[in-house]
Amino acid sequence: MPQSRRHPAGPAPDSPAPRPGGIAARASAALASGAPEASYLAGLNPEQREAVETLEGPLLVLAGAGTGKTRVLTARVAHILASGRAFPSQILVVTFTNKAAREMKERIHAMVGDQIEGMPWLGTFHSIGVRILRRHHELVGLKSGFTILDTDDQIRLLKQLLAAENIDEKRWPARLLASTIDGWKNRGLSPKDVPAGEGAVFANGKGGMLYAAYQARLKALNAVDFGDLLLEGIRLFRENPDVLAEYHKRFKYLLVDEYQDTNVAQYLWLRLLAQGSKNVCCVGDDDQSIYGWRGAEVDNILRFESDFPGAKVIRLERNYRSTGHILSSASHLIAHNEGRLGKTLFSEGEDGEQVSVTGAWDSGEEARAVGEEIEQLQRAGHKLSEIAILVRASFQMREFEDRFVTLGMPYRVIGGPRFYERAEIRDALAYLRCVNSPADDLAFERIVNVPKRGIGDATVKQIHDVARAAGLPLQEAARVLTQSEELKPKVRGTLRGLIEAFDRWREQARALPHTELAEIVLDESGYTEMWQKDRSAEAAGRLENLKELVRSMEPFENLPGFLEHISLVMDADNGAGEDAVQVMTLHSAKGLEFDTVFLPGWEEGLFPHQRALDEQGKAGLEEERRLAYVGITRARASARIWFASNRRIHGMWNSTVPSRFLDELPDAHVRVEESRGGAGWGGSSYGGNSYGQSRFDRAEPFAASSYSTPGWQRAQASRARPGGGFSGGSSGGFSERGGKSYDAGGGRRGGPTVIEGTLIASSTGAPSAFKPGERVFHIKFGYGEITGIDGNKLTVLFDKAGEKRVLETFVEKT
DNA sequence: ATTTCATGACTTTTT
DNA sequence: GTCATGAAAT
């Protein structure tokens, strides 16, 4: 690592002392004189290399899917350091997620070694935002040690405000107000900036006022929400030019990842900081902008050149991930969008396998067939962790999960409720927050009656009244109240017990390590016991989570340190690595890649989602299309798209029409397949033939729907075509206009309906160790009673989940 | 104060 | 159909 030696050893990392001239000159001289190429440049293609080496002035790197965007960012940091143009502490690197920040950190570490230790300004927008606010808290009217509210706290606070204003929470839910305020904050609007008309939309003109009241409450609680971390930062910079100037001096180079996801507030924040050195490098892909619904402005990336005068744009179009057919399909699809900066991805790899499109009769068959294909892949030696199922909406996951549970196929759901969002974790954290800070009213409110200890709404209201009257935090108010005669003796006793417990824990906190303290708190509060008594399926997992929480505290110095970290980093590393099929939404798949990707549910209404079309019109459609593009480009070698002809929506069975996106795929790169599993596999898991019959009843107009016209037209056409039958047969239905024709799986089913029962009957084996009537426990479904046994498959009536068929290896006797 | 019942929503999700 | 939330019943 020659670059580490080039670095001056003299000044402390944080000292600005810029004397890059001499070093830079030496570095470039070394490069020019044909010195051995720096290791971080090895293997970069010409465009990547240009993006790494163009250090001065604004730069936009348009990096298509799989073109080595992170590689460029990390190499660029290495290059800045190696050339001695800046100290590690003078580089600002912002990402969106903690995960991205972590990965970036690791990869930079691999390149530059310990210099990464001197980079405190690598993190998410929000973590850097807090860092700045903590340094200048007094300038924005906050006391040191201000707390950061999570969404739950936010909603609770808003509910109180709505109640105080006598606004009907039914008609104007706090949740809606929260997202409205969030939206304003995303757009960089403080209460006075909200256009009057917009502020009036909520609760008959009270929206703007509520926003202002909310901000006032935050200040009173010495708290900020996530939006404030940026918004207050912007205000700080605008009102204090000297502070801004300090940061201008500090940040010589700014790097931004996933620029297409920035919202207006983030853009403003960044622009203020970038006005200093002007060396701002944004990396992103307008075609992967899929977060418009939470405030991301594709416009930011489209406007980059005019926002940052003199900006240079470099396109990375050489794809290293996917095979030819996959890449061509994705490119052809995304080309239907207008308003793109435009990139043409190419690869030098092989064409590989075509993208397959398969129709299934219904979502159940879709899951079954996909499950079967995965079993085949597994038998062929594919790793399960290289197979992903990417769905549009999370409700689609359940059917796959159920299927995998039945098959005994290991799977892992990515996303879903995150670790720190789980109720038990939030409760535990609320206890710790109360110990840490007696003034944390929101935390106190959360746990005052968890576990149930008889302190209900009425008592809480009394505490509130005392608190408001005396200007005390809730905990202190509660203490005062227990000293008075106002409470019933029983309630008074328990409340006093709780307050005393907190006092005791606070005392112990001085002496004990914080992990031990946490265990004591959870134990003595009765919280652990509450879950131990719980007989539901999740209880065991929750207790496990609590243990995990305590473990996760270990690396931290003390309790406050841990709590600060937690409020920003709401994710935990859910132990990856095991060999399991990955199930997730398209959104959470961004940035990942797999050998094989299944893309189920490509039907009008689901994908593109009806609501995106209704609410956002063309912009919504284009974002959905970008989502489709993201989905296809996740695949290295195999992309398999599915659609079902029937799907249950809100509990009702609906006929569906294949997605218009299927029309937009290029014929040459797509292979239309018939659903595997034909007769004998179709049908429902209920095993009832009444359902099989109804299938035929409903099937007629839809099963053979060709999709060479846009979705809704197709729907009209197929309805208007009574002769168009399901009986198209295994020849693959018929096609209009010579276009592609998709035959839903049901189409080739000519004979009598064979239900899954045949399969079950054939799976006889050794006598089961279980008996009907026995109580069992299942990791996913909880407790239940065996109602039937068939070989190694049990039918169990679960207390919570209803009747399910499961493999006996997945249950244990209770 | 707690349990049970009914009502309504039901895309995506980070910080 | 299913889940969460809020109001009536206990």
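Each chain gets a letter, A, B and so on, in the order its sequence line appears, and its residues count up from 1.
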*Asks:* N/O contacts under 3.5 Å, protein versus nucleotides 5-11 of chain B?
*Replies:*
residue, atom, partner, partner atom, Å
B:dC10, OP2, A:R611, NH1, 3.2
B:dT11, OP1, A:R611, NH1, 2.2
B:dT11, O4', A:H609, NE2, 3.2

*Asks:* Assess whether a salt bridge exists between A:R626 and A:E623, defined as any Lys/Arg side-chain N lying under 4.0 Å from an Asp/Glu carboxylate O.
*Replies:* yes
*Asks:* NA contact type, A:D225, heavy-atom cut-off 4.0 Å: base, sugar-phosphate, or nothing?
*Replies:* nothing
*Asks:* Determine the interatomic distance between P on B:dT12 and the same-named atom on C:dT5; round to the nearest Å.
*Replies:* 16 Å
*Asks:* Between A:Q260 and A:D286, does the side-chain hydrogen bond (donor to acceptor under 3.5 Å, both in side chains) criterion hold? Intermediate values first, please.
*Replies:* CA-CA 6 Å; A:Q260 78 281 354; A:D286 50 322; over 6 Å; no
*Asks:* Take atom CZ of A:R398 and atom C1' of C:dT2, then tell me their distance rounded to the nearest Å.
*Replies:* 6 Å
*Asks:* Between A:S127 and A:T124, is there a donor-acceptor pair closer than 3.5 Å when you use the side chain of the first and the backbone of the second?
*Replies:* yes
*Asks:* Taking the basic N atoms (NZ, or NE/NH1/NH2) and the acidic carboxylate oxygens, is any pair closer than 4.0 Å for A:E232 and A:R235?
*Replies:* yes
*Asks:* Mind checking A:S567 for me? I need base, sugar-phosphate or nothing, with any heavy atom below 4.0 Å counting as a touch.
*Replies:* nothing
*Asks:* Using the salt bridge (Lys or Arg N to Asp or Glu O under 4.0 Å) rule, take A:E529 and A:K533 through it: C-alpha gap first, then chi angles, then the decisive distance, then the call.
*Replies:* CA-CA 6 Å; A:E529 196 190 350; A:K533 280 191 192 145; 3.3 Å; yes
*Asks:* Is the count of non-hydrogen atoms from other residues, nucleotides or ligands lying under 6.0 Å from A:D168 atom CG greater than 12?
*Replies:* yes
*Asks:* Per the side-chain hydrogen bond (donor to acceptor under 3.5 Å, both in side chains) rule, what does the pair list look like for residues 171-189 of chain A, sequence neighbours excluded?
*Replies:* A:W184-A:E198, A:K185-A:Q215, A:K185-A:D225, A:K185-A:D228, A:R187-A:E198
*Asks:* Could you run through nucleotides 5-10 of chain C and give me one letter per nucleotide, 5' to 3': B if any protein heavy atom sits under 4.0 Å from the base, S if only the sugar-phosphate is that close, - if neither?
*Replies:* -SS---
*Asks:* Would you say A:N98 reaches B:dT15's phosphate, i.e. side-chain N/O to OP1/OP2 under 4.0 Å?
*Replies:* yes
